[in-house]
Amino acid sequence: MTIRNARDHGQRYRPRMACLKKVETVVLEMQDPKSGVKSQTQRLVITTIPHAITGEDIVAWLANRFKIDALEARAMGTMMVAFGYIYPLQDHKRLILKPDTSLYRFQTPYFWPAQQWPVEDTDYAIYLAKRNIRKKGMLELYEQEQYNNLYKWLNHKWDFIVMQAKEQYRAGKERKKPDRVVFDCQERAYWVVHRPPPGTVSAMDYGHERMVDPNVVEKKTSEYYRRIIMFTQQCIMRPRVKSSVSIGALVKCSTTYKEHDPFLHPCLPSNPWLTDDITYWNLNMPNVEIPTKMRVERWTFSFGELLSDPRGRADFRLFLKKEFSGENLAFWEGCEDLKWGAAETMKEKAQQIYKTFLARGAPRWINIDGKTMEITVKGLAHPHRYVLDAAQTHIYMLMKKDSYGRYLKSPVFKETQRRAIAPEAHRFSDAQLEQNGKRRRPSLSPIILRQQEEEQKAKLAASGPVDITQLCRFTAPVPHLAVYTGICEAQSTASPGLMTLPNSAACPSPISVAIDSTPASERRFDGNGGPSSSHFPSIAEASVSEEENQPPVPKSRMALSLSKLLRRGCNAPSVFASLSPKCGVTSGGGKVQPLGVEPLAQPQSRRIANFFQIKVDIPPECRIYPIDSEDEEDDGPDTARGVKEIICPWETVTKQDGAG
Amino acid sequence: VKSVFLSVLLSVSTQVVMNRWRQSVVEIQSRKREVNECEQAQAALSKVTACFQQMATSLGTNADGSCLREELEETRTLAHRICTGLHRRLLALLIELEQGQEDKEQVERLWVNFLSSLEHFQQDLRKVRILREFFPLTQRKDRQALVNTGFAGGTSEVAARAAMVQTPWLSAEETLCPVLKSHVEEIDVLLEEMLQRVNVPLWSVEPTQEAWVEGCSNQDDDDESLEETMEVEVVSQKNTSGCCHHQNCKVGCLLCLLS
């Protein structure tokens with residue numbers, strides 16, 4: 001580090017500080033001996049000091065000068081105190097303007113808050129050392145903490161700091177006593193503003209720093225004009241609505257949210273920023289068990305609210321689990337993950353999502369219309385962050401129009417509503433407030449929060465709700481039928497012989513086409529990329545009938561596979577039948593149009609052409625691949641090679657040329 | 001003859017060795033002296049910059065005036081002279097001390113302290129420059145803009161304290177002091193040059209001072225804390241309720257006088 005402030009990088013301009021210049025002009029007016037605030041002399045035991053002003057005089061002057069009412073003048077005065085242009089002589093830690101005879105004084109310009117340079121830690125260290133010298137070690141608790149911190153962090157400069165502190169202390173003593181008192185007051189006030197003690201609200205407690213000085217008038221270079229042109233062009237291109245419509249929306253938003261806005265309505269039990277009591281935050285943690293009534297009410301405002309609240313989303317997920325239509329939400333979450341996740345895993349994520357949700361015969365197939373599917377698959381050839389946007393929007397609207405309404409009437413939601421808590425408002429006395437202020441501690445580090453989030457996700461993935469829509473070779477049936485949620489979690493296999501999902505993390509993700517060369521498959525094969533409806537009903541019946549019989553002697557592949565299936569410890573077929581896969585959540589399923597373009601023919605010729613179908617409302621066009629362990633056995637013990645995966649169309653294009 | 005020759009040889013060689021030894025001792029001693037000079041200069045620089053800051057806090061207040069500004073200029077000139085001399089000597093010492101020697105730690109510490117003081121001083125210079133621009137005293141009416149902060153007297157004592165500083169080269173070398181604006185820039189250049197030329201990692205320097213030690217010295221026992229001073233004020237304020245011009249203040253006046 002160079003001694004110079006390393007974090008500067010030109011990013012030293014504070015936001016919201018454009019008002020500083022304006023406050024300075026007001027202060028100069030205020031201190032005018034003729035037309036400014038009336039000044040008095042402050043009487044101390046040792047001496048008298050001039051130029052003290054009372055709070056009520058300040059309020060009166062401001063009200064008169066700007067033609068505002070007393071309350072607003074008081075607020076403005078408080079702002080000036082919070083910035084540090086005026087400091088209180090009594091009760092110096094509370095940076096507010098009291099509209100009574102409490103005394104204040106103007107801060108010297110040297111200690112005015114400046115926009116150009118941040119307050120240095122070195123200066124604060126020197127100040128603390130000086131204070132230590134004067135008070136002989138009796139610093140306040142927060143000052144002691146700061147001192148120790150700075151001693152560690154500025155250790156290499158410490159000799160300089162102590163030397164400078166001593167010299168400044170001695171230089172200060174050269175002045176006459178009243179001036180010394182004034183200077184000490186000023187310095188103390190300066191540091192109360194810039195390093196506020198716990199419980200003090202200072203206006204210099206700002207957020208991130210900006211790259212641009214908001215006070216400087218920008219030079220009109222060509223770069224500037226280019227920016228302005230771009231900005232105005234975008235303004236013109238924005239969609240517009242009638243003002244009546246937009247005002248109506250604003251009114252609606254205000255009436256809906258006015259009780260939920262902490263600025264307008266006190267939040268229960270109390271606002272932590274005001275009372276330093278964090279019960280409110282604890283009650284509203286992202287994954288709290290029992291939400292508050294206000295929070296649950298917010299979920300009813302719009303579907304977006306429900307989804308953006310993690311607790312709300314969890315509730316919705318539970319509801320969908322009960323309805324066996326969780327794949328929509330899972331798909332939506334997968335898309336969000338893709339959009340906002342790291343760039344390096346994007347391709348894999350896109351593939352996984354396709355394989356799990358979009359491909360024909362995918363285990364958690366979602367129902368989107370053909371045009372969207374076409375666009376999506378085309379885009380997936382060159383996946384990027386927003387490739388699934390169209391599909392995601394479609395599913396979002398689906399959930400919003402259909403599931404959301406049902407959710408709000410569902411027993412799940414009603415139960416949650418019933419159990420929601422409405423905490424009582426706190427009523428803290430002043431002493432208690434001060435106690436709370438002293439007990440302030442920093443919140444959990446973001447690292448810990450992130451770890452907790454990851455744990456949550458892992459828990460969710462591991463013990464997720466049942467969500468299987470279709471049984472297929474890629475889904476290992478597990479006795480208790482809890483399969484999986486989402487895409488990339490570990491496979492929960494009940495028995496070792498079951499095939500692992502290609503989607504599980506343990507599995508390699510090569511897009512390898514396993515060649516299946518049984519004649520039976522070819523015999524049964526559909527032969528083209530398109531769906532044929534004639535096949536299925538018969539197969540369905542056939543499968544049912546074959547389920548009922550024990551595996552017959554002329555073992556068709558289907559029967560074989562079924563027997564294997566049954567021997568593998570699946571539940572009775574009735575369970576399968578009782579599943580209600582929601583291939584199409586909306587009415588009139590079967591919206592999937594054939595992917596006419598894609599060269600699915602070739603890989604399909606290699607697939608097993610045994611289909612069986614769960615006999616509920618699956619649209620005929622759905623193609624499901626049976627769990628077929630036989631091929632695996634035929635191919636030998638090499639399970640990795642034997643795993644047959646859903647082929648993503650773009651990959652087959654690249655791998656096998658001239659397909660289709 | 002041989003023995004005489006040998007004895008002469010021996011005496012010459014011992015003389016040579018002795019000379020060399022004396023030379024190195026002299027070298028060590030002179031370096032020690034230089035290091036001590038630098039330490040003193042650093043202390044002087046601290047004093048001068050502290051006084052400079054104390055005076056700068058009066059800028060823009062009712063205590064501001066041409067007198068104050070002149071004093072500031074003088075102090076700044078003084079600081080500049082100390083800085084240039086110290087800079088030159090420290091640089092020489094550091095270059096000399098490239099090989100690991102006992103003084104190395106001390107010189108490195110001096111180096112870091114000097115860099116910190118320069119930076120600190122430059123900060124003050126910047127503030128002073130801005131303040132002087134903001135509160136020009138060229139016209140009479142400008143005095144109205146000066147903020148009434150409660151300062152009564154001036155800072156001449158502080159300036160005097162700064163002026164009392166002594167360094168070996170102060171009177172000897174006469175360097176031209178730049179204008180305030182270019183002084184700031186000059187320090188920028190100086191700092192960069194120093195950081196480039198000398199390869200001392202700043203964090204490797206260990207201070208001699210322990211934490212909290214400075215509060216243990218019992219000088220100035222009669223110094224009351226600020227809180228005490230201001231606390232008492234509250235009590236007396238209640239009694240007097242303002243200033244003596246209050247109408248019903250006859251009794252109050254007495255109390256004022258007594259308190």
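Computed from a predicted structure; not experimentally measured. Lettering follows sequence order; numbering is per chain, from 1.
Only the side chain of A/Tyr190 comes within contact range of chain B, with at least one heavy atom under 4.5 Å from a heavy atom of that chain. Interface residue A/Ile126: only side-chain heavy atoms are found under 4.5 Å from chain B. Proximity to chain A (any heavy atom under 4.5 Å) is restricted, for B/Phe135, to the side chain, taken from C-beta onward. Only the side chain of B/Leu131 comes within contact range of chain A, with at least one heavy atom under 4.5 Å from a heavy atom of that chain. Heavy atoms of B/Leu146 lying under 4.5 Å from chain A belong exclusively to its backbone. For A/Pro178, no part lies under 4.5 angstrom from a heavy atom of chain B.
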Evaluation steps, side chain to side chain donor-acceptor pair (under 3.5 Å), between B/Gln209 and A/Asp159: CA-CA 6 Å; B/Gln209 287 270 355; A/Asp159 280 346; 5.3 Å; no
Could you go through A/Lys176 and B/Glu157, starting from their C-alpha distance and side-chain angles, then the distance that decides it, and tell me whether this counts as salt bridge (Lys or Arg N to Asp or Glu O under 4.0 Å)? CA-CA 9 Å; A/Lys176 302 192 189 58; B/Glu157 295 88 357; 3.5 Å; yes
Show your working on side chain to side chain donor-acceptor pair (under 3.5 Å) between B/Gln54 and A/Gln168 and close with a plain yes or no. CA-CA 7 Å; B/Gln54 186 64 221; A/Gln168 282 189 6; over 6 Å; no
Assess the residue pair A/Leu139 and B/Trp212 against the criterion (side-chain contact (heavy atoms from CB on, under 4.5 Å)); give the C-alpha distance rounded to whole Å, side-chain angles, the decisive distance to 0.1 Å, and a yes or no. CA-CA 10 Å; A/Leu139 292 184; B/Trp212 301 104; 3.7 Å; yes
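By the salt bridge (Lys or Arg N to Asp or Glu O under 4.0 Å) test, A/Arg195 pairs with A/Asp121, sequence neighbours left out.
Counting only heavy atoms from C-beta outward, the side chains of B/Gln123 and A/Asp123 approach each other to under 4.5 Å. With a 4.5 Å cut-off on side-chain heavy atoms, B/Thr49 and A/Gln164 count as touching. Within the 4.5 Å cutoff, side-chain heavy atoms of B/Asp124 are placed close to those of A/Tyr110. The side-chain heavy atoms of B/Glu206 and A/Trp158, taken from C-beta on, include no pair separated by under 4.5 Å. Annotation: side chain of A/Leu28 is in contact with side chain of B/Val147 (closest heavy-atom distance under 4.5 Å). For the pair A/Gln186 and B/Thr149, the minimum side-chain heavy-atom distance is below 4.5 Å.
The main-chain N or O of A/Phe106 is never found under 3.5 Å from a side-chain atom of B/Asn148 such that the two would form a donor-acceptor pair.
A cation-pi arrangement, defined by a distance under 6.0 Å to the six-membered ring centre and an angle within 45 degrees of its axis, is present between A/Arg175 and B/Phe151.
B/Arg161 has a carboxylate O that lies under 4.0 Å from a charged side-chain N of A/Glu174, or vice versa, which qualifies the two as a salt bridge.
Interface check for chain B: of the options A/Tyr151, A/Phe111, A/Tyr147, the most heavy-atom pairs under 4.5 Å are formed by A/Tyr147. Highest contact tally toward chain A, considering only B/Thr57, B/Thr208, B/Asp64, B/Asn113, is held by B/Thr57 [criterion: heavy-atom pairs under 4.5 Å]. Of the listed residues A/Glu187, A/Glu167, A/Met163, A/Lys130, the one with more heavy-atom pairs under 4.5 angstrom with chain B than any other is A/Glu167. Between chain B and the options A/Gly172, A/Ala171, A/Pro109, A/Ala52, the largest number of non-hydrogen pairs under 4.5 Å is found for A/Pro109. Residue with the most contacts toward chain A among B/Ala43, B/Ser117, B/Cys51: B/Ser117 (heavy-atom pairs, distance under 4.5 Å). When each of B/Ala63, B/Gly60, B/Ser156 is checked for heavy-atom pairs under 4.5 Å with chain A, B/Gly60 comes out on top.
Heavy atoms of other residues, nucleotides or ligands lying less than 6.0 angstrom from CD of B/Glu210 number 12 at most. Atom CD of B/Glu193 has more than 12 neighbouring heavy atoms from other residues, nucleotides or ligands inside a 6.0 Å radius. No more than 12 heavy-atom neighbours from other residues, nucleotides or ligands sit within 6.0 angstrom of CG on A/Asp430. Sparse packing is recorded around CZ of A/Arg94, with 12 or fewer heavy atoms of other residues, nucleotides or ligands lying under 6.0 Å away.
The two residues A/Asp179 and B/Gly150 have their closest heavy-atom pair at OD1-O, 4.1 Å. The two residues B/Thr61 and A/Thr108 have their closest heavy-atom pair at CG2-OG1, 3.1 Å. The nearest pair of heavy atoms linking B/Val112 to A/His156 is CG1-O, 3.6 Å.
Of the inter-residue distances, the one linking A/Ile133 atom CD1 with B/Glu214 atom CD reads 5.5 Å to the nearest 0.5 angstrom. Rounded to the nearest 0.5 Å, atoms CZ (B/Arg109) and CZ (A/Phe160) are 15.5 Å apart.
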